[in-house]
Amino acid sequence: MRQKKKDRLANTVKGTSQEYPIEVKDVCKYFRLYKDKSHTLKDKILSHKRNRYEVNKVLDHVSFHVERGHALGLIGHNGCGKSTTLKLLNQILYPDSGEIRMKGRISSLIELGAGFHPDMTGRENIYINASIFGLHKDEIDQRIDGIINFAELEQFIDNPVRTYSSGMYMRLAFAIAINVDADILLVDEILAVGDVNFQKKCFGKLREIKDHGATIVIVSHDMHQVAEICDEAIWLDGGRIKEQGKAYEVCEDYLLEMRKIEELRKKKEAETSGVQEEVPSVKYPPEKLGNQISRYVRRDGTMKARFAKVRLMNGDGKECRSFQQGEKLTVCYDLTLDKPMAYYKDGLNVAISIYRFDGLLCCRMATDYFLKKKLTYDELTHGCMVVKSLMLCEGDYIIDIALADDSGVTFDYLAHLIDFHITASWKNGTGVAALENEWHFGSKAM
Amino acid sequence: MKHIREIFDYRDMIRSLVKRELRGKYEKSVLGFLWSFLNPMFQILIYNIVFTHVFNNDMPVYYMFLMTGILPWTFFADSLGQGTGAVLYNAEMVKKIYFPREVLVIAEVNAKLVNLLLSFVVMVVFLLFSGVGFSIHILYIPVLVLIEYLLALGFAFLAASITVYLRDMEYIVNVVLMAWIWATPIMYDLDTIHDPILYRILMINPMTTVISSYHAVLYYHKAPGNWDMTYPTLVGVVILTLGYFTFKKLNKRFVEEL
């Protein structure tokens with residue numbers, strides 16, 4: 001109910017003014033690379049020549065905007081300009097040309113704990129640090145208990161910060177930055193903060209902030225993080241936007257490119273060193289497994305035994321990547337090997353997993369779950385798995401398939417092998433599982 | 001105008017920084033905060049000995065003449081001296097988060113202002129016990145402090161922003177301050193200057209009229225001259241405007257230069 005109201009609110013805001021909390025228009029940024037960086041007067045006067053600098057283009061006509069309540073992920077290699085973009089948004093740096101418009105209070109989790117004074121207590125530092133974010137004293141008074149509580153520092157808050165462990169220090173800094181109640185939150189490589197539990201808490205808090213309508217921009221190397229929390233993503237390469245779109249798609253494309261580069265590197269290494277290291281996906285290109293293979297597919301494993309063919313079919317036995325909810329789905333595969341595997345007489349297992357587009361595992365199905373025992377290679381050579389009734393909600397899904405043995409050796413693992421789509425009426429609900437439901441009303445319904 | 005409003009919005013940050021500066025600085029020394037008084041007091045003691053016993057100065061209650069000049073001068077000199085490094089020494093903060101950078105300089109000058117006001121309390125005690133006493137002209141003090149504040153802030157803005165690009169500025173400022181204290185009638189009375197050219201040069205220095213006004217009000221118990229108040233006010237406004245806009249212009253590349 002509350003969510004709907006908020007959505008409506010967001011829509012009206014969007015509809016009437018078309019103004020975004022973050023708008024970046026045609027921004028360029030150059031850095032001066034001094035050949036001999038020097039700040040002293042003597043050098044400025046005496047060595048006029050040496051003081052020349054090269055101009056390095058860090059951002060090259062970059063434009064984008066972020067809608068209210070959306071999270072944007074910035075990804076790319078080191079030096080692609082993503083951190084610079086974040087600093088421009090934070091007004092730490094200024095663009096050389098173009099325009100950046102930001103609406104509302106900005107908080108940044110760029111580098112935490114700026115302005116902490118080691119000799120002052122945690123409590124005093126909260127006041128100093130929060131005031132740097134532009135909070136007034138009365139606003140800090142309101143939030144301070146929440147901040148201390150979030151940082152889990154109740155017992156230590158009146159000790160000087162220099163006595164804190166680095167974990168405590170970061171927790172305090174993070175707690176302040178995230179409790180500013182900003183309209184725009186800028187995050188650089190989060191979640192290097194504290195232990196696993198605290199990271200979970202931070203993630204939860206980020207989500208909560210986002211649900212309350214805050215706009216978030218995240219710079220990260222962790223594609224899972226980006227795909228999980230962001231709606232959109234921008235892939236920067238050499239200061240230009242290489243790709244822009246739905247977060248999971250951009251992340252997948254980025255990972256794909258990374259893998260290609262990695263494979264190329266390995267190939268080159270193998271060529272130069274003469275040692276032939278096999279790259280599974282190069283020697284056995286997964287694209288040849290069938291007509292439905294996703295371009296995001298990754299292959300891994302020893303390849304001693306491997307898949308030769310994989311097909312996804314509907315109830316009529318036709319290759320198909322688009323299903324109705326409740327329809328029959330069949331995955332068929334063929335295995336192959338180079339030489340007979342005598343000693344793997346038993347203990348092989350084929351597993352098929354269905355993931356939602358964002359990486360959520362919906363179901364893992366395997367021969368050993370089904371049969372409660374392992375099969376031999378010969379028994380497994382040709383197989384089909386039938387899902388009788390595909391009760392998943394509308395959306396995009398992914399199939400993974402793997403061949404492994406008892407001891408955990410993976411022979412062939414094909415991740416993101418086939419994409420498929422499910423269409424459905426909404427009557428079975430939204431989410432992941434489409435649970436068939438009936439409603440009864442009135443006194444007899446009880 | 002919008003920017004000035006924003007600086008005003010960060011007043012709580014200024015307050016926090018002032019508090020950090022005042023508390024943090026002396027945290028580990030035994031005498032702590034007292035040092036900010038002891039420093040000028042020893043300065044007064046030394047000058048008093050040198051001027052009365054070496055140079056045979058015969059001004060009555062000379063140490064009060066010194067005190068009423070040195071305390072306001074300390075405010076100005078410290079504001080400029082330490083304001084120069086306000087951005088440079090807070091580089092870590094400047095590189096990490098956004099806030100109007102002017103805040104750093106303002107906080108530095110405000111911290112020195114607090115020191116001045118506290119040292120006035122000590123001065124009042126001295127005025128009472130030395131027999132110099134008070135007059136109604138003491139009411140000029142807030143105006144004089146305000147004028148001096150304009151000057152201090154203006155020069156500090158200039159120095160702080162230039163230092164980021166030209167690190168020598170810090171040392172240049174130190175040398176300038178060393179000369180400036182003698183180019184201002186703090187240890188001597190302006191009336192003892194008979195050379196008309198030297199007198200003119202001294203009168204260009206806005207601090208000359210500020211300090212002699214302090215002397216007039218606190219030591220001589222008379223009202224400061226009209227020009228003595230108008231001139232530093234005009235210079236103060238010009239310097240502050242110049243300083244503010246210079247700072248604002250240079251501030252765009254601070255992070256890249258730090």
Exercise for the section: Name the region of I106(A), side chain, backbone, both or neither, that has any atom closer than 4.5 Å to a heavy atom of chain B. Expected result: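 I106(A) has no heavy atom closer than 4.5 Å to chain B.
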Exercise for the section: Let me know if D96(A) has heavy atoms under 4.5 Å from chain B in its side chain, its backbone, both or neither. Expected result: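 Side chain of D96(A) only, per the 4.5 Å heavy-atom cut-off to chain B.
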Handout entry: Residues R11(B), H136(A); criterion side chain to side chain contact (heavy atoms under 4.5 Å, CB included); working and verdict
Key = CA-CA 8 Å; R11(B) 59 192 179 278; H136(A) 294 297; 3.7 Å; yes
Practice task
Applying side chain to side chain contact (heavy atoms under 4.5 Å, CB included) between S16(B) and each of I128(A), N125(A), L135(A), report the one that passes.
Solution key: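 Exactly one pass, corresponding to I128(A).
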Once you round to the nearest 0.5 Å, how far does [atom1] of [X] lie from [atom2] of [Y]?
{"X": "I132(A)", "Y": "M93(B)", "atom1": "CD1", "atom2": "CE", "value": "4.0 Å"}
{"X": "F99(B)", "Y": "F133(A)", "atom1": "CZ", "atom2": "CZ", "value": "11.0 Å"}
{"X": "R253(B)", "Y": "Y94(A)", "atom1": "CZ", "atom2": "OH", "value": "12.5 Å"}
{"X": "R101(B)", "Y": "I92(A)", "atom1": "CZ", "atom2": "CD1", "value": "6.5 Å"}

Handout entry: Residue pairs fulfilling ring-ring contact (aromatic ring centres under 6.0 Å, His included) with at least one residue in residues 239-258 of chain B, sequence neighbours excluded
Key =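 Passing the test, one end in residues 239-258 of chain B: F157(B)-F247(B), F247(B)-F254(B).
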Handout entry: CD1/I197(B): more than 12 non-hydrogen atoms of other groups inside 6.0 Å
Key =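 Incorrect, the count does not exceed 12.
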Practice task
Might you confirm whether atom CZ of F126(B) has over 12 heavy atoms from other residues, nucleotides or ligands at distances under 6.0 Å?
Solution key: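 Atom CZ in F126(B) is not packed in, count stays at 12 or less.
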Handout entry: Minimum side-chain heavy-atom gap R15(B)-K137(A) below 4.5 Å
Key =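 Heavy-atom side-chain distance check passes, below 4.5 Å.
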Exercise for the section: Heavy-atom distances under 4.5 Å only: say whether V94(B) touches chain A with side chain, backbone, both or neither. Expected result: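 Just the backbone, heavy atoms under 4.5 Å.
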Handout entry: Donor-acceptor contact below 3.5 Å, side chain D12(B) vs main chain S131(A)
Key =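 No, because the side chain of D12(B) does not come within donor-acceptor range (under 3.5 Å) of the backbone of S131(A).
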